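Just so we're clear, the structure is a prediction, and the values are computed from it rather than from any experiment. Counting from 1, the numbers follow the sequence of the chain as shown.
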Amino acid sequence: MKIAYCIPALYYPSGMERVLTLKANYFAEVFGYEIHIILTDGKGKKPYYELHPSITLHQLDIDYDELNGMSFYKKLPKYIAKQGRFKKKLNECLHQIRPDITISLLRRDINFINRMTDGSTKLGEIHFNKSNYRDFSNSRLPAFLRTIVSNYWREQLYRQLRQLKRFIVLSHEDAQEWTELDNVEVIHNPLPFFPDQISDNSHKQVIAVGRYVPQKGFDRLIPAWQLVAGKHPDWILRIYGDGMREQLQQQIDSLGITASCILEPTVSNIVDKYCESSIFALSSRFEGFGMVIIEAMACGVPPVSFTCPCGPRDIISDGKDGLLVEDGNIEQLAEKISYLIENEDIRKKMGQQARMDVQRFRIENIAEQWKQLFESLIIPVNENK
């Protein structure tokens, strides 16, 4: 089986790059697939996550990064020229590789992936939820123009997605949103690890993990923690990440919880940090899936999570292996964290159950779903030759 993936770059430590590397390595090492990854940016930069030596990278060197910071009017003609070059070079590259399956990660290539003439089966996989895939609200265009552009863009997208053989999303919750399509399948993200060490859930520590950006909603977790800390001053919340540190630190200081709410830097040994904690908190406004939830569960740490779109509802069985909280309800988030603090037996039992239930996301289980999908699309084609 020969698979080609299209992604902008691999030098950046982000979720999409991490998951692609995890899957590609497994497909190459365990299934013996021939994996090709086609890039447009980051020439000369080493992939952040280590790739299996048999995987081939193809650098098309389109350099969309060059457009960053340009004005709209300067950017537009250059972008159109780059898209034309990308389309031509991608087609040439696919003809050279001759893959059985080409997978778009729904970046700029989705605009023309179906017009490639190499004969491979075309799939798409999305690492965002539908409503947060593309946000036009930050655009400098006037509101009425934003609406026109947004509607035009969506119709274009649906037209391309309908032509794909399959369109893979990360959660059943998100799958229900794509009502315009009839080729949607759900395959969850795989666990990046399933460690031998686990938390005994006795440490008086709650953990949260993620970039310090509005999406992750730490500005909602911090006031919830003020309520928890009032009842349980001997417990600590540690938030691991980087980004808008100053704003969050100001919020912590102004609420008078500096001693018990600590912003920690990103660490390479996050498993150790999960294992030092007894509760995991997710306060995101939205997720593509919520990898940090399954990471915490793999370490035996029960999660308390807002029911943000999309992922937590697919992952957590409420009251069994974690607790779900009405999205945005800060008082309820505080109550449910406090409930697990106050009920050690339930907390420990939930942690054990979380560790058992999360095994369905182990890489071998997720990879098998991909293998079945690939074979269902390719073998009938080969039989007909």
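- Between the side chains of His95 and Thr117, at least one donor N or O sits under 3.5 Å from an acceptor N or O.
- The distance from atom CG of Asp219 to atom CG of Leu221, rounded to the nearest 0.5 Å, is 9.5 Å.
- Residue Ser277 comes nearest to Val301 through the heavy atom pair O-CG2, 3.8 Å, listed as atom of the first residue, atom of the second, then distance.
- Annotation for Glu295 and Pro192: closest pair OE2-CG, 3.6 Å, computed over non-hydrogen atoms.
- A salt bridge links Glu125 to Lys23: one of the charged nitrogens lies within less than 4.0 Å of a carboxylate oxygen.
- Donor-acceptor pairing under 3.5 Å is lacking for the side chains of Ser338 and Lys336.
- A donor-acceptor pair under 3.5 Å links the side-chain atoms of Asn201 to the main chain of Gly300, judged by distance alone.
- Around atom NZ of Lys88, no more than 12 heavy atoms belonging to other residues, nucleotides or ligands sit under 6.0 Å away.
- Of the charged side-chain nitrogens involved, none lies within less than 4.0 Å of a carboxylate oxygen, so that Arg347 and Glu342 do not count as a salt-bridged pair.
- Linking ILVMFWY side-chain heavy atoms closer than 4.5 Å, directly or via other members, places Val267 and Leu263 in two distinct hydrophobic clusters.
- A side-chain donor from one of Gln83 and Tyr64 sits under 3.5 Å from a side-chain acceptor of the other.
- Looking at Arg166, its side chain never comes within 3.5 Å of a backbone N or O of Leu123 through a donor-acceptor pair.
- If you look at Phe286 and Phe128, their ring centroids are not closer than 6.0 Å.
- In terms of modelled atom types and a separation under 3.5 Å, the side chain of Asp200 and the main chain of Ser202 share a donor-acceptor contact.
- Counting heavy atoms from C-beta on, the side chains of Pro309 and Glu173 come closer than 4.5 Å.
- Considering every non-hydrogen atom in both Ile257 and Ala229, the closest pair reads CG2-CB, 4.3 Å.
- Under the ring-ring contact (aromatic ring centres under 6.0 Å, His included) criterion, the residue pairs touching residues 339-366 are His188-Phe361, Phe289-Phe361, with sequence neighbours excluded.
- In terms of modelled atom types and a separation under 3.5 Å, the side chain of Asn129 and the main chain of Glu287 share a donor-acceptor contact.
- Annotation: the span from Asp174 atom CG to Asp314 atom CG amounts to 9.0 Å, rounded to 0.5 Å.
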Worked verdict on Ser104 versus Asp109 for side-chain hydrogen bond (donor to acceptor under 3.5 Å, both in side chains): CA-CA 7 Å; Ser104 166; Asp109 51 272; 2.5 Å; yes
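- Salt-bridge formation is detected for the pair Asp234/Lys204: a Lys NZ or Arg NE/NH1/NH2 atom is positioned less than 4.0 Å from an Asp or Glu carboxylate oxygen.
- Two residues are said to be in side-chain contact when any heavy atoms from C-beta on lie closer than 4.5 Å; Asn25 and Ile55 meet this criterion.
- When side chains are defined from C-beta on, Trp370 counts as touching Ile168, because their heavy atoms get closer than 4.5 Å.
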Stepwise salt bridge (charged side-chain N to carboxylate O under 4.0 Å, His left out) check, Lys349 with Asp321: CA-CA 8 Å; Lys349 194 175 171 188; Asp321 56 21; over 6 Å; no
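- The main-chain N or O of Asp61 is found under 3.5 Å from a side-chain atom of Arg85 such that the two form a donor-acceptor pair.
- Using a distance-only test at 3.5 Å, with no hydrogens or angles considered, a donor-acceptor pair links the side chain of Asn111 to the main chain of Arg108.
- Checking Asn365 against Gln359 by side-chain atom types alone, no donor-acceptor pair falls below 3.5 Å.
- Within 6.0 Å of the CZ atom in Phe194, the count of heavy atoms belonging to other residues, nucleotides or ligands exceeds 12.
- Using a 3.5 Å distance cut-off with no hydrogens or angles, the side chains of Ser317 and Asp357 do not pair a donor with an acceptor.
- The structure places CD1 of Ile270 at 6.5 Å from OH of Tyr240, a figure rounded to the nearest 0.5 Å.
- Counting heavy-atom neighbours within 6.0 Å of Glu246 CD, excluding the residue itself, gives a total of 12 or less.
- Clustering of Ile, Leu, Val, Met, Phe, Trp and Tyr by side-chain heavy atoms under 4.5 Å joins Ile236 with Ile262.
- In Lys165, the NZ atom is not crowded: 12 or fewer heavy atoms of neighbouring residues, nucleotides or ligands sit closer than 6.0 Å.
- Phe306 and Ile315 are assigned to two separate hydrophobic clusters, defined by single-linkage of ILVMFWY side chains at heavy-atom distances under 4.5 Å.
- With Asn183 contributing its side chain and Leu164 its backbone, the two residues share a donor-acceptor pair below 3.5 Å.
- Considering Leu340, Leu333, Ile346 in turn, Leu340 is the only one that fulfils the side chain to side chain contact (heavy atoms under 4.5 Å, CB included) rule with Leu323.
- Minimum interatomic distance between Phe218 and Gly210 (heavy atoms only, all atoms of both residues): CE1-O, 3.5 Å.
- Salt-bridge formation is detected for the pair Arg245/Asp242: a Lys NZ or Arg NE/NH1/NH2 atom is positioned less than 4.0 Å from an Asp or Glu carboxylate oxygen.
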Audit row: Lys130, Glu180, salt bridge (charged side-chain N to carboxylate O under 4.0 Å, His left out) steps and yes/no: CA-CA 12 Å; Lys130 184 187 178 188; Glu180 305 82 3; 2.9 Å; yes
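- With hydrogens and angles ignored, the 3.5 Å screen pairs a side-chain donor or acceptor of Gln163 with a backbone N or O of Arg159.
- Ile101 has its side chain out of reach of Ser120: every pair of non-hydrogen atoms, C-beta onward, lies at least 4.5 Å apart.
- Using a 4.5 Å cut-off on side-chain heavy atoms (C-beta onward), Glu66 and Lys75 make no contact.
- Annotation: side chain of Thr21 is in contact with side chain of Leu51 (closest heavy-atom distance under 4.5 Å).
- Ile239 is connected to Val228 through a chain of hydrophobic side-chain contacts under 4.5 Å among Ile, Leu, Val, Met, Phe, Trp and Tyr, so both are in one cluster.
- Between the side chains of Glu17 and Tyr48, no donor-acceptor pair of N or O atoms lies under 3.5 Å.
- For the pair Met297 and Arg355, the minimum side-chain heavy-atom distance is 4.5 Å or more.
- Between Lys82 and Asp41 there is no salt bridge, since no side-chain nitrogen of the basic residue lies less than 4.0 Å from a carboxylate oxygen of the acidic one.
- Panel note: side chain Trp225, backbone Ser260; a donor-acceptor pair is recorded below 3.5 Å.
- Taking the six-membered ring where the residue is Trp, Trp178 and Tyr158 present perpendicular rings, their angle passing 60° and hence far from 30°.
- Paired with Asp253 under the rule side chain to side chain donor-acceptor pair (under 3.5 Å), one option of Gln251, Gln250, Gln249 passes, and it is Gln249.
- Salt-bridge formation is not detected for the pair Lys43/Asp65: no Lys NZ or Arg NE/NH1/NH2 atom is positioned less than 4.0 Å from an Asp or Glu carboxylate oxygen.
- Following chains of ILVMFWY side-chain contacts shorter than 4.5 Å, one cannot reach Val292 starting from Val213, and the two form parts of different hydrophobic clusters.
- The distance from the CG atom of Asn189 to the CZ atom of Arg18 is 9.5 Å, given to the nearest 0.5 Å.
- Side-chain heavy atoms closer than 4.5 Å link hydrophobic residues (I, L, V, M, F, W, Y) into clusters, and following such links, possibly through other members, connects Leu90 to Tyr79.
- With hydrogens and angles ignored, the 3.5 Å screen pairs a side-chain donor or acceptor of Asn329 with a backbone N or O of Gln332.
- To the nearest 0.5 angstrom, Arg238 atom CZ is 5.0 Å from Gln205 atom CD.
- The CG atom of Leu282 lies 5.5 Å from the SG atom of Cys308; values are rounded to the nearest 0.5 Å.
- At a threshold of 4.5 Å between non-hydrogen side-chain atoms, the residues Leu105 and His127 count as touching.
- Note: Phe31 and Tyr26 meet the aromatic proximity criterion, with ring centroids under 6.0 Å apart.
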